[in-house]
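Just so it is clear: chains get the letters A, B, ... in the order the sequence lines come, proteins before strands, and each one is counted from 1.
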There are 2 protein chains.
Amino acid sequence: MTKDDTMTIREMCDSFDVTPRTLRFYEAKELLFPIREGNKRLFTKRDRARLKLILRGKRFGFTLEEIRELLDLYHMDDSQVTQLSKTYDLALRHLAEMEAQRAELDEAIGELKNQIDWGAKELARRKRNETAA
Amino acid sequence: MTKDDTMTIREMCDSFDVTPRTLRFYEAKELLFPIREGNKRLFTKRDRARLKLILRGKRFGFTLEEIRELLDLYHMDDSQVTQLSKTYDLALRHLAEMEAQRAELDEAIGELKNQIDWGAKELARRKRNETAA
DNA sequence: GCGTTACATTACGTTAACGTCATCTTTCCT
DNA sequence: AGGAAAGATGACGTTAACGTAATGTAACGC
């Protein structure tokens, strides 16, 4: 990482385990805004923060478009505050969605554990029978 | 639902809020196994249980292929127990993945709440300034 | 000087998960 | 009988999120 706190595309790829194509794609979709030095991209701290959120959002099953809208909340400067309340509503909806997701995840984990217990017993039973035979 | 506990494709669609195309697609992918009466599909209780799990899995971001493998654990009869330990391992991996997902989800919810609080304060500040002006 | 990286742009290809016709039976109603 | 209604099959279309190949250029090592 250079002294001016920017990273090349390769450094970004190594840090976040993504391909160059992905970063260029995200720029085209206006999720990232690397500055240019000549024609080379330089990714700022802001880009890195955004990318972290993008990758997290993806793991939760949000689309890039949904993520793009949410990112505005995290990186809003004074000049954009006009849109704040709209974004604020969006964030609340996402929060509700995520908490519902967590509730269902808890339930699913419980059920899966039950099945695994059943599987464990089943394995034990088979072993007994083998030994007995 | 008929007396023999089966449902037509339409009843399934209404119950689970999916399209006929989706159910036929899942059958083609061997996720569901409706029986046939003439050429009409009849979905059993087992199909309904599987569909519920399929839709849940999708909400958690699993692919249909991943889900298909997991379904075997939930619907294993004695004749299939040979593959049990393989499926058991798979289930354990999925469980680990889901618990990791929950941990990250908790963190993300926390951060999002912070941002929302910031947004709420920002809105309040703007309102004060408007009133003051 | 010049070859090898490192990066760029352009453009066509790919996979998953269905959507959307178009065209046929089967069945039920009047 | 005859015409909707429900369901089936087959095939092509669509979107998201990149992959991949072709081609071009700028800087760096020796």
Side-chain angles (χ1 to χ4, degrees), chain A residues 1-44 47-48 50-71 94 97, chain B residues 1-44 47-48 50-71 94 97:
Chain A
M1 185 148 49
T2 58
K3 193 182 166 187
D4 63 340
D5 199 51
T6 70
M7 286 170 67
T8 74
I9 199 167
R10 187 97 298 275
E11 291 168 335
M12 285 291 278
C13 293
D14 293 346
S15 302
F16 291 91
D17 193 33
V18 294
T19 70
R21 177 68 174 98
T22 299
L23 294 179
R24 297 191 190 110
F25 181 75
Y26 289 168
E27 184 188 10
K29 286 294 177 97
E30 298 186 89
L31 290 161
L32 299 177
F33 307 95
I35 57 181
R36 297 299 178 111
E37 183 182 78
N39 61 353
K40 317 263 165 156
R41 278 166 250 261
L42 288 181
F43 295 86
T44 68
D47 290 316
R48 293 194 294 278
R50 292 176 72 96
L51 182 55
K52 185 182 171 189
L53 292 171
I54 293 168
L55 297 178
R56 165 181 289 168
K58 287 202 61 185
R59 284 194 293 277
F60 295 148
F62 293 121
T63 71
L64 291 182
E65 180 53 29
E66 290 170 329
I67 293 170
R68 201 182 54 73
E69 293 175 335
L70 260 184
L71 281 176
H94 272 264
E97 194 175 329
Chain B
M1 187 147 53
T2 58
K3 193 181 167 189
D4 63 340
D5 201 51
T6 72
M7 286 172 65
T8 74
I9 200 169
R10 188 96 297 279
E11 290 168 336
M12 286 292 279
C13 292
D14 294 345
S15 302
F16 291 92
D17 193 34
V18 295
T19 71
R21 178 68 174 96
T22 300
L23 295 179
R24 297 191 189 108
F25 182 75
Y26 289 169
E27 184 188 9
K29 287 295 177 97
E30 297 186 90
L31 290 162
L32 299 178
F33 307 95
I35 57 182
R36 295 302 178 107
E37 183 180 80
N39 62 351
K40 317 264 163 151
R41 277 167 249 259
L42 287 181
F43 295 85
T44 68
D47 289 316
R48 293 194 294 277
R50 292 175 73 96
L51 181 54
K52 185 182 172 189
L53 292 171
I54 293 167
L55 298 177
R56 165 181 291 168
K58 289 203 58 186
R59 286 194 291 276
F60 294 149
F62 293 119
T63 71
L64 290 184
E65 181 52 29
E66 290 169 328
I67 292 169
R68 200 181 56 72
E69 293 175 336
L70 260 184
L71 281 176
H94 272 264
E97 195 175 328

Enquirer: What's the spacing between A:Phe16 CZ and A:Lys52 NZ if we round to 0.5 Å?
Expert: 8.5 Å
Enquirer: Between B:Pro20 and B:Cys13, what is the shortest heavy-atom contact and its length?
Expert: N-SG, 3.4 Å
Enquirer: Nucleotide by nucleotide, 5' to 3', does protein get under 4.0 Å of the base (B), only the sugar-phosphate (S), or neither (-) in nucleotides 8-21 of chain D, counting heavy atoms?
Expert: SB-B-----BBBB-
Enquirer: What is the distance, to the nearest angstrom, from the CD atom on A:Glu11 to the C1' atom on C:dT5?
Expert: 15 Å
Enquirer: Output the rounded distance in Å from CG (B:Asp14) to C1' (D:dG7).
Expert: 14 Å
Enquirer: Using a 6.0 Å cut-off, check whether atom CD of B:Glu30 has over 12 heavy atoms from anything other than its own residue.
Expert: no
Enquirer: Taking OP1 and OP2 of C:dC7, is either one under 4.0 Å from a side-chain nitrogen or oxygen of A:Thr8?
Expert: yes
Enquirer: Mark yes or no for whether B:Asp47, through its side chain, and B:Thr44, through its backbone, hold a donor-acceptor pair below 3.5 Å.
Expert: yes
Enquirer: Taking the basic N atoms (NZ, or NE/NH1/NH2) and the acidic carboxylate oxygens, is any pair closer than 4.0 Å for A:Arg24 and A:Glu27?
Expert: no
